[in-house]
Every structure is written in structure tokens, then in C-alpha cells.
Amino acid sequence: MTSRIAFQGEPGAYSHQACHDARPDMEALPCRTFEDVIEAVRRGAAEMAMLPVENSTYGRVADIHQLLPDSGLHIVGEAFVRVHINLLAVPGAALAGIRRAMSHTVLLGQCRDFLQTHDIHRVTAADTAGSARQVAETGDPAVAALAGDLAAEIYGLDVLARHIEDHDKNTTRFLLMSRAPDRSRRGDLGMMTTFVFRVRNIPAALYKAMGGFATNGVNMTKLESYMVDGSFTATQFYADIEGHPDDPHVARALEELDYFTSHIDILGVYPADRKRS
């Protein structure tokens, strides 16, 4: 039986593209919300989850950092998807005849120059793939969708213009998650470790907690803070570091971190994706 990987959105979404690129041997399972994606893996409807965590243009994906620690899932991989945006329309439509383009507000904002040049009015929709589906269903040659190649393929739309985004390096990072952790060393580009922690209520606790990574030569590629349970006094930190917890220098850094924190939870140990470099 073919194993499944769950993602948030409709078929043809960029998360679907991430599943297609990273795990082409798995069947992609669309889900309505991020919570639904996590639950699909928890209850065994899917073996893995594909969750976006950050975008190079717009920063971190809302809600994800709050969901991960309590998800019960473990990070086993990462994937980077270059967000190429295309103008999609029904077969036979012409660029000169397009009057409106619909998509998620984020994508509309990434194509301002193109849309303004061609005098195309922006229409905000719930998501990218849903916009493509709606364009295909309505059949109006004056309405287009902004979405990726996979959406065009799924909904039978023509690509009137390719790669129309204003920024040519727009990339989204995804995390692959499963029910069981995998701390085996794998891949040929080194390992990544992701964890969350809360510092103890002592002066300069965060500064002291980070010192162990500097003195032990551990490269921290991401450090973000966010409130816990809506409290301004309860802050949790999310971190990505290069290396495996069993590496001596990483082990020493985590040992020092433990002294200055009230809670540490390793969310996953996984191979670095080659697109990271």
C-alpha cells in the first residue's frame, strides 16, 4: 500500500508541490488546516506531514511554532521550495484579455509589478490552488489565478506568464514530520537539530544560555521567540543548530543550555537539505 504524506491546502498548493518534490513516492493527502495535517499523522491516516515554517520574503508561518511542540510529531527532514508564481487561465484565454487575477493575498503582493504593468485588478482569495480551481470551474477567460505549475497541471489551465514574482529568490522552508523520531545519521551534508526551550528566571539568562553554543563552536541558524498561552511573561524560544546531539561540541552546548533553562524539548534531528547551501 502506498504511504501518504499530509499537507495543508488544496491539490496544487505549494505545500503539495513540496510533497511532490521531496517525497515523490508518497501519495499526497490534502487537509483543511495545519491542525488537520498533524492529526492525520497522529491517527495513522498519513505517515508523514509536510508543514511550512518560514518564507524568505515574509518570515515565519503564523501558528506553526506554537503547534510543533505539542504536536506529538518529530521532525525527520526539511525541504526548500522555490516559489515560482505563474498567471493561469482557462485554455484559449489571452494575456491581453485578463482583467482580474485571484490568489492568496501574499502571492498578490509578490506580483505587484507584473499586475500593474498589465493593468490587472487583484482579487483576494483563500488560497492559491483554490483560486486555480475556481478559475477552471467558472471558465471566464478574463479571470486568471496566480499559482504554481502543479496547479496548472491539475486543473487543466494554460500558463499565460511564468515566474512573474517581483523577487527572484522567494523560497519557503518546510519541515517533514512523523510519529516516530529518527536520530540516525543520514544524508551527506551534515545534520540539523531543532529544539524549543524556556530560560530560567535569572538575570541575563538568554545571554548565558546562548554562550555555550558560541564557546563550543556550534552554528545556530535560527533563534525565534514567541509567547506561550498569550502571556507576556512566558516566552519560549525555537532554535535550529547545525550538528547532531551526540556530537561532542553539540552535547557540551546543550549541557550548558540545560543549566540556564527550565525546559528543553528536542523536536527533531534530521539531515540538512542540499538547497540549504
Side-chain angles (χ1 to χ4, degrees), residues 5-22 24 28-34 36-37 50-64 79-174 275:
I5 180 168
F7 70 94
Q8 187 275 327
E10 297 197 33
Y14 286 101
S15 291
H16 187 188
Q17 183 71 54
C19 296
H20 183 271
D21 293 349
L29 174 67
C31 299
R32 189 177 61 86
T33 66
F34 293 134
D36 291 341
V37 172
M50 179 71 75
L51 293 171
V53 287
E54 57 188 323
N55 176 267
S56 60
T57 301
Y58 285 88
R60 72 185 184 191
V61 177
D63 299 333
I64 287 295
F80 293 83
V81 171
R82 174 70 173 83
V83 182
H84 285 303
I85 306 173
N86 304 322
L87 187 74
L88 312 181
V90 294
L95 176 58
I98 300 298
R99 296 291 175 261
R100 302 186 303 281
M102 61 170 47
S103 193
H104 189 281
T105 182
V106 170
L107 260 70
L108 291 171
Q110 293 176 13
C111 302
R112 285 193 178 95
D113 291 346
F114 178 89
L115 298 178
Q116 184 174 351
T117 298
H118 293 275
D119 195 26
I120 298 175
H121 177 68
R122 293 179 290 172
V123 179
T124 301
D127 57 54
T128 57
S131 298
R133 176 180 51 77
Q134 187 172 340
V135 167
E137 290 175 351
T138 57
D140 187 344
V143 180
L146 302 181
D149 290 330
L150 188 58
E153 178 183 336
I154 290 174
Y155 299 107
L157 299 175
D158 285 350
V159 179
L160 301 187
R162 291 186 181 276
H163 304 177
I164 62 175
E165 59 272 12
D166 298 334
H167 303 288
D168 62 0
K169 295 182 179 179
N170 189 14
T171 301
T172 298
R173 178 183 178 227
F174 292 83
K275 292 182 182 178

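Please read these numbers as outputs of a predicted model, since none were measured by experiment.
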To the nearest 0.5 Å, how far apart are [atom1] in [X] and [atom2] in [Y]?
{"X": "Ile5", "Y": "His20", "atom1": "CD1", "atom2": "NE2", "answer": "12.0 Å"}
{"X": "Leu108", "Y": "Thr124", "atom1": "CG", "atom2": "OG1", "answer": "5.5 Å"}
{"X": "Arg122", "Y": "Leu107", "atom1": "CZ", "atom2": "CG", "answer": "12.0 Å"}
{"X": "Thr117", "Y": "Ile164", "atom1": "OG1", "atom2": "CD1", "answer": "10.5 Å"}
{"X": "Gln116", "Y": "His121", "atom1": "CD", "atom2": "NE2", "answer": "13.5 Å"}

Task: Verdict with reasoning, Ile120 to Arg99, per side chain to side chain contact (heavy atoms under 4.5 Å, CB included) - done: CA-CA 5 Å; Ile120 298 175; Arg99 296 291 175 261; over 6 Å; no
Indicate yes or no: at least one non-hydrogen side-chain atom of [X] is less than 4.5 angstrom from one of [Y].
{"X": "Leu87", "Y": "Phe114", "value": "yes"}
{"X": "Arg82", "Y": "Glu165", "value": "yes"}
{"X": "Tyr14", "Y": "His104", "value": "no"}
{"X": "Val81", "Y": "Phe174", "value": "yes"}
{"X": "His16", "Y": "Met50", "value": "no"}
{"X": "Phe7", "Y": "Cys31", "value": "no"}
{"X": "His84", "Y": "Asp149", "value": "no"}

Open item on the list: My understanding is that only one of Val83, Thr171, Thr172 makes a side-chain contact (heavy atoms from CB on, under 4.5 Å) with Ser56; could you say which?
Closed with: Thr171
Task: Residue among Val106, Leu115, Leu88, Val123 satisfying side-chain contact (heavy atoms from CB on, under 4.5 Å) with Leu146 - done: Leu115
Minimal non-hydrogen separation, [X] against [Y], with atom names:
{"X": "Gly92", "Y": "Asp158", "result": "N-OD2, 3.4 Å"}
{"X": "Ala129", "Y": "Ala13", "result": "CB-N, 3.4 Å"}
{"X": "Cys19", "Y": "Ala28", "result": "CB-CB, 4.3 Å"}
{"X": "Ala125", "Y": "Ser131", "result": "CB-OG, 3.2 Å"}
{"X": "Val159", "Y": "Ala152", "result": "CG2-CB, 4.0 Å"}
{"X": "Ile85", "Y": "Gln110", "result": "CD1-OE1, 3.3 Å"}

Task: side chain to side chain contact (heavy atoms under 4.5 Å, CB included) evaluation trace for Asp140 with Arg100 - done: CA-CA 10 Å; Asp140 187 344; Arg100 302 186 303 281; 3.7 Å; yes
TODO: Begin with the C-alpha distance, continue with both residues' side-chain angles, and end with the deciding distance and a verdict on side chain to side chain contact (heavy atoms under 4.5 Å, CB included) for Val53 and Val61.
DONE: CA-CA 5 Å; Val53 287; Val61 177; 5.6 Å; no
- [ ] May I ask you to decide if Arg112's main-chain N or O and Asp166's side chain share a donor-acceptor pair within less than 3.5 Å?
- [x] yes
TODO: Mark yes or no for whether Tyr155, through its side chain, and Pro11, through its backbone, hold a donor-acceptor pair below 3.5 Å.
DONE: yes
Task: Test side chain to side chain contact (heavy atoms under 4.5 Å, CB included) applied to Leu157 and Val90, step by step - done: CA-CA 5 Å; Leu157 299 175; Val90 294; 4.2 Å; yes
Open item on the list: Is it the case that over 12 heavy atoms from other parts of the model lie below 6.0 angstrom from the NE2 atom of His118?
Closed with: yes
TODO: Would you indicate whether Glu137, at its atom CD, is surrounded by more than 12 heavy atoms from other residues, nucleotides or ligands within a distance under 6.0 Å?
DONE: yes
